[in-house]
Number of protein chains: 2
Amino acid sequence: MARAGITKARLAAVGAELADELGFERVTLAEVARRCGVQTPSLYSHVSGTAELREQVTLLALEEMADRAAEAVAGLSGKAALTGLANSYRDYAWQHPGRFTASAAAATLTAETAAGSAGPRHARFTEAVLRGYAVDPGARVHAVRMLGSTVRGFITLEMSGSFDHSSPPADESWAQIIHGLDTLFRSWPAAPGAELPSPRAEDAR
Amino acid sequence: MARAGITKARLAAVGAELADELGFERVTLAEVARRCGVQTPSLYSHVSGTAELREQVTLLALEEMADRAAEAVAGLSGKAALTGLANSYRDYAWQHPGRFTASAAAATLTAETAAGSAGPRHARFTEAVLRGYAVDPGARVHAVRMLGSTVRGFITLEMSGSFDHSSPPADESWAQIIHGLDTLFRSWPAAPGAELPSPRAEDAR
DNA sequence: GACTAGAACCTATTGTTATTAGGTTTTAAG
DNA sequence: CTTAAAACCTAATAACAATAGGTTCTAGTC
């Protein structure tokens, strides 16, 4: 019988499809093996277990998102770049919900793994967009973090259906929020700095 | 032998502890049963399965978070209220990471279940904070959504360690971001409306 | 104080996935 | 053609989820 031609990359691809179809949590060695026409234990020659399989899907998603982000901001600046970048993530999430979920699990990736290439790329694009605004370089990190937080937070909430039961469609809020970020970034930092953050409760890390 | 005195509420409590200790995904019927000194199948008298067990943990977390949010904004308005509300969520996440994760799964809850009480409560508090700003009532939803997105997004990224490998501590960004939101809400809506959202790619939902 | 209905809990069993161990076959290099 | 590594397999163990079908406790009733 001919070999299936399994590769770590191929497993990631199959896992990614699986994630979009059934949800990231159902990306399972058994199901991937089934789709590859191979027995489950055979996969252990290519990945160390379920954890690594999912990790590969996460990396795949991060790369794809970075590719799209790159296209989305190419040649643009200011609000156009901001909108392009944000939309590229949102579009990706709707087209590949499972992969988007996977990308959110980037958390658990070891520093080196994540730093492979996708991690830095995302950071670079976001920074590039912010560089278009006259944000003080020292304060840019904060703006970068806010952009990332808001975009990821919105998409997550939207996809989880949180906006489905209140009246104005999410699209409207999305436009307003991007406009809000644009406005904010035009005169960042809003707070010159001195002001201390309200510290978290004592027992927290 | 004395009965264990299992209750749906007790299962939720044990599940919540488990979530904080081992992570939400490890909230399992088997482990909960073990901690209650009971056989796994016995739990089926109280919950319909793993899904409902986790759902109960989610509801517990939502209620707890709403309680804290209520305390946090009591008697405050403007930036103080905004800060208090945002911090209450962040503090909770650090003190109960598993429950916070669970609360993010509120997505999958059916409308009625979620609407039980916690859902509307959160919405009310956020709206109350925004009411302190002179936001046009019609545009308030957008501000509410932005606040929710940014706060949840930031906390998620922070807890997943995304900010651990770039220089300024997350606390600083948190303060700046809250200040930014405060600034933004003072003159919301930034965009009077007409402007259309850049539509998502066609094949998306 | 025994009687009974229902709740609370149990054992047994099946199916699914993960993982390890230890072959066998294909492929490709020399 | 030989051979060594890679690719794949079968067998077996362990854990969790879930269903089926008891048994025992407990509360309310006569």
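Note on naming: letters A, B, ... go to the chains in the order of the sequence lines (proteins, then strands), and numbering restarts at 1 for each one.
Looking only at distances, no side-chain donor or acceptor of A:Arg140 sits under 3.5 Å from a matching main-chain atom of A:Glu127. A:Ser160 places a side-chain N or O within 3.5 Å of a backbone atom of A:Leu157 that can act as its donor or acceptor partner. The main-chain N or O of B:Arg99 is found under 3.5 Å from a side-chain atom of B:Asp20 such that the two form a donor-acceptor pair.
Atom-to-atom, CD of B:Glu52 to P of D:dA17 comes out at 14 Å; the value is rounded to the nearest Å. To the nearest angstrom, P of D:dA7 lies 12 Å from CG of A:Leu43. Here D:dA6 presents its P atom at 20 Å from CZ of A:Arg10, a figure rounded to the nearest Å. Distance, A:Gln39 CD to C:dT19 P: 17 Å, rounded to whole Å. To the nearest angstrom, P of D:dC16 lies 11 Å from CG of B:Leu18. Distance, A:Glu25 CD to D:dA17 C1': 16 Å, rounded to whole Å. Separating the OH atom of B:Tyr44 from the C1' atom of C:dA7 is a distance of 19 Å, rounded to the nearest angstrom. Per the geometry, CG belonging to B:Leu22 stands 15 Å off C1' belonging to D:dC16, to the nearest Å.
Base engagement by B:Ser45 is indicated by at least one non-hydrogen atom pair under 4.0 Å involving a base atom. Residue contacts for B:Thr28: at a heavy-atom cut-off of 4.0 Å it reaches the sugar-phosphate backbone alone, with no base atom in range. If you check every strand for non-hydrogen atoms under 4.0 Å, A:Arg26 touches nothing. Counting non-hydrogen atoms under 4.0 angstrom, A:Thr40 reaches a base of the nucleic acid. At a threshold of 4.0 angstrom between heavy atoms, the contacts of B:Thr50 are confined to the sugar-phosphate backbone, with no base atom among them.
With D:dC8, C:dC9, C:dT19 as the candidates, the nucleotide lying closest to the side chain of B:Ile6 is C:dC9. Ranking D:dA17, C:dC9, C:dT19 by closeness to the A:Leu29 side chain, first place goes to C:dT19.
Looking only at atom types and distance, the side chain of B:Arg152 has a donor-acceptor partner in the side chain of B:Ser103 under 3.5 Å away.
In this model, the phosphate group of C:dA7 is not approached by any side-chain N or O of B:His46 to a distance below 4.0 Å at OP1 or OP2. Of the side-chain N and O atoms in A:Arg34, one or more sit less than 4.0 angstrom from OP1 or OP2 of C:dT17.
Between A:Phe100 and A:His96, the distance from one ring center to the other does not fall under 6.0 angstrom.
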